[in-house]
Amino acid sequence: MIDTDKKYFNFIDGKWCDAECGERFENRNPARWDEVVGTFPKSKKEDVDKAVKAACKAFQTWRLVPVPERARLFQKLGDLMVQHKEEISKLMTREMGKILLETRGDTQEGIDTAYYAAGEGRRLFGHTVPSELPNKFNMTVRMPIGVAGLITPWNFPMAIPCWKVIPALLCGNPLVFKPASFTPATATRLIELILEAGFPPGVINLVHGSGTQVGVPLVQHPGVDLISFTGSSAVGKDINARAGAQLKRVSLELGGKNAQIVMPDANMELALEGVLWGAFGTTGQRCTATSRLILHQEIHYDFVDKLINRANAIRIGDGLDESVEMGPCIDENQRNTVHEYVQIGQKEGAELRCGGGFYEEDECKGGWFYRPTIFTGVTPEMRIAKEEIFGPVLSVIKVKDLDEAIAVHNNTDYGLSSSIYTQDVNAAFKAMRDLEAGITYINGPTIGAECHMPFGGVKETGNGHREGGWTVYEFFSEIKTIYVDFSGKLQRAQIDTGKVKEC
Ligand code: NAP
Ligand code: MG
């Protein structure tokens, strides 16, 4: 029995609580807009202030807990998430629409991240380095930084919060977490399970509310030492400017305009499956979604023909139905944005080959469904070839050779994920070197990140940090350099070096 219209709360200083102002906002199911998933505190600056104060207090004890002890709690968290995987995934489908197969994958990524952290707690390595002086020892250690402000988008409601919450805590930083307003229920389940795993009060604080009322005060709060943000490039720039004014450490994972290249020697069936999954999975609402298909002219005609047939056959509907292959857009505004881009593409002279409209059959009337859409005849300068649409729209661009494919690929402000299908090892290595992107897949679609590998992009997709893998621990910790001189005398670096006989 689905618990509809549930009342959810903030979690501040070890207590579940309402916003100070007492106001609430609703979270609805994008597949059935009349279904309210829950109501949440509409928090403001004063709630952020309370949460930051609690986190600052908790820092003094949390930073002293041995890292393997912190890590042990993530083993427990992973076990709890495994137990609750199905329930969490269903809740996620209800609050943001992607199909159960994908929400189970999203939850699994959270589980994998927790278990990975459980091991990393025994490997938070520093370096030992030879000193240039005798009887002196040099090393680096990883230190906690302070209070972490975490702000997440709605398209990966469990995976992305886990990518931030887990390494922040493992590295010894208490946190204040502001989830996306579209997916506060999944975020709350994560915090509930973290508490069940045994984390102490004050270390984790959850504040629901909007980007302007909660996100901005969190970024600007002088008690917050670092910000980890995933979302749009526009908001990322705003955050970078505000946090930069206080010289905060900031990690930004932003938008994408990812492309799959298919060369004439590729395995065509594999390339076809890849682009269908990459373009229409999560209704195209992934930062790594394939929104451009760069096809070699020799295979263009046949490939497009097959692609359109397959796209037209995609089953659209409520993601809770296991036979459905594509869910709705997140809300009415996003669906309208997608439709505006389709109109822009037509005006620019691209050829609309399938989809291009709302999907409102039978039980889909009450949701924000859009048909899988494909444009051919797209040129690299068109807006639909350059701008992030964040919907089920694929722009196909025809090229004459690999050099042109790479040039077209790089003709965007973004640089997150890229893919090439080819059996030619020389072409593959050239692509690995020349595609401007943080991630390149050979014979795989643009989506499919694994939690123990670095994740992030170049150009306007980010600011050089990486989530996932060992690299995220570099962001969430500060390196301290330590020199231990056990010579019993003053030794002057750069001045007393080269006197080996004296040791
Ligand atoms: P968004 O509008 O940028 O929002 C992201 C988060 O920031 C939300 O929690 C939002 O709150 C909050 N926010 C909004 N304005 C803010 C401000 N001025 N200051 C501080 N916080 C603010 O992005 P979205 O629509 O949720 O997600 C889609 C975007 O995320 C796409 O561009 C996608 O490519 C990108 N994305 C990137 C990655 C990556 O790893 N590179 C992964 C996933 C998604 P509200 O929810 O209350 O508005
Ligand atoms: Mg919702």
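Quick caveat: nothing in here was measured; it's all calculated off a predicted structure. Ligands are counted one by one from 1 in listed order, and the atoms in each one are counted from 1 as well. One-based numbering along the sequence shown. Worth knowing before you read on, the calculation uses all heavy atoms, side chains too, and leaves out hydrogens, waters and symmetry mates.
- Using a cutoff of 4.0 Å between basic side-chain nitrogens and carboxylate oxygens, Arg189 and Glu95 are not scored as salt-bridged.
- In Ile160, the part holding a heavy atom less than 4.0 Å from any atom of ligand 1 is the side chain.
- Remark: ligand 1 atoms within the under-4.0 Å shell around heavy atoms of Leu416 are 41 (N).
- With respect to the salt-bridge test (charged N to carboxylate O, under 4.0 angstrom), the residues Glu381 and Lys386 qualify.
- Counting only heavy atoms, the protein gets under 4.0 Å from atom 36 (N) of ligand 1.
- Between Thr152 and ligand 1, an N or O atom pair is found at a separation short of 3.5 Å.
- Looking at Trp154 next to ligand 1, an N or O pair under 3.5 Å apart turns up.
- With a heavy-atom cut-off of 4.0 Å, Phe390 touches ligand 1 through its side chain alone.
- Note on ligand 1: Ser210 sits in its first shell, one or more heavy atoms being nearer than 4.0 Å.
- Distances between N or O atoms of Thr230 and those of ligand 1 include no value under 3.5 Å.
- Between Glu322 and Arg315 there is no salt bridge, since none of the side-chain N atoms of the basic residue sits less than 4.0 Å from a carboxylate O of the acidic one.
- Less than 6.0 angstrom separates the ring centroid of Phe199 from the ring centroid of Phe74.
- Salt bridge annotation for Arg335-Asp331: absent, with no cationic side-chain nitrogen under 4.0 angstrom from a carboxylate oxygen.
- For Trp154 and Phe390, the ring centers are positioned less than 6.0 Å apart.
- Near Asn155, with a cut-off below 4.0 Å to any heavy atom, the atoms of ligand 1 are 43 (C), 44 (C).
- The protein heavy-atom contact nearest to atom 34 (O) of ligand 1 is Glu388 OE2, 2.6 Å.
- Not a single heavy atom of Thr212 sits less than 4.0 Å from an atom of ligand 1.
- Of all protein heavy atoms, the one closest to atom 11 (O) of ligand 1 is Lys178 NZ, 3.1 Å.
- Of the protein's non-hydrogen atoms, the one nearest atom 21 (N) of ligand 1 is Gly215 CA, 3.8 Å.
- Within ligand 1, counting atoms from 1 as listed, the ones closer than 4.0 Å to a heavy atom of Gly209 are 47 (O).
- Between Glu387 and Arg383 there is a salt bridge, with a side-chain nitrogen of the basic residue lying less than 4.0 Å from a carboxylate oxygen of the acidic one.
- Ring to ring, Phe358 and Trp368 are not that close: their centroids are 6.0 angstrom or more apart.
- At least one N or O atom of Gly211 sits closer than 3.5 Å to an N or O atom of ligand 1.
- Relative to the six-membered ring of Phe9, Arg24 meets both conditions, a distance below 6.0 Å and an angle of at most 45° to the axis.
- Using a 4.0 Å cut-off between charged side-chain N and carboxylate O, Glu474 and Arg466 make no salt bridge.
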- Intermediate values then yes/no, salt bridge (Lys or Arg N to Asp or Glu O under 4.0 Å), Glu436 and Lys459: CA-CA 8 Å; Glu436 292 171 0; Lys459 293 154 82 176; 2.7 Å; yes
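- Among all non-hydrogen protein atoms, the one lying nearest atom 42 (C) of ligand 1 is Cys287 SG, 2.9 Å.
- Polar contact check, Leu254 against ligand 1: a nitrogen or oxygen pair lies under 3.5 Å apart.
- In terms of polar-atom proximity, Ser233 is not counted as a contact of ligand 1, lacking any N or O under 3.5 Å from an N or O of the ligand.
- When heavy-atom distances to ligand 1 are checked against a 4.0 Å cut-off, Glu467 has no atom that comes that close, whether in backbone or side chain.
- By the 6.0 Å contact criterion, CE on Met453 is open, its count of non-hydrogen atoms from other residues, nucleotides or ligands being 12 or less.
- Lys164 and Glu467 are joined by a salt bridge, as a carboxylate oxygen and a charged side-chain nitrogen come within less than 4.0 angstrom of each other.
- In this structure, Leu150 CG and Leu226 CG are separated by 7.5 Å, a value rounded to the nearest 0.5 Å.
- Contact annotation: for Phe229 versus ligand 1, heavy atoms closer than 4.0 Å belong to the side chain alone.
- Some N or O of Asp238 is nearer than 3.5 Å to an N or O of ligand 1, by distance alone.
- Scanning the protein heavy atoms around atom 47 (O) of ligand 1, the nearest turns out to be Ser181 OG, 2.5 Å.
- Protein heavy atom at the shortest distance from atom 3 (O) of ligand 1 is Ser232 OG, 2.6 Å.
- Here Leu218 has no heavy atoms under 4.0 Å from ligand 1, in either its backbone or its side chain.
- Atom 19 (N) of ligand 1 has as its closest protein heavy atom Val216 CG2, 3.6 Å.
- Here the closest non-hydrogen pair linking Gly202 and Pro174 is O-CB, 4.3 Å.
- Residues Arg292 and Leu394 form no side-chain contact, since every pair of their non-hydrogen atoms from C-beta on lies 4.5 Å or further apart.
- The nearest heavy-atom contact from the protein to atom 40 (O) of ligand 1 is Phe455 CE2, 3.1 Å.
- Counting heavy atoms under 4.0 Å from ligand 1, residue Val214 does not touch it at all.
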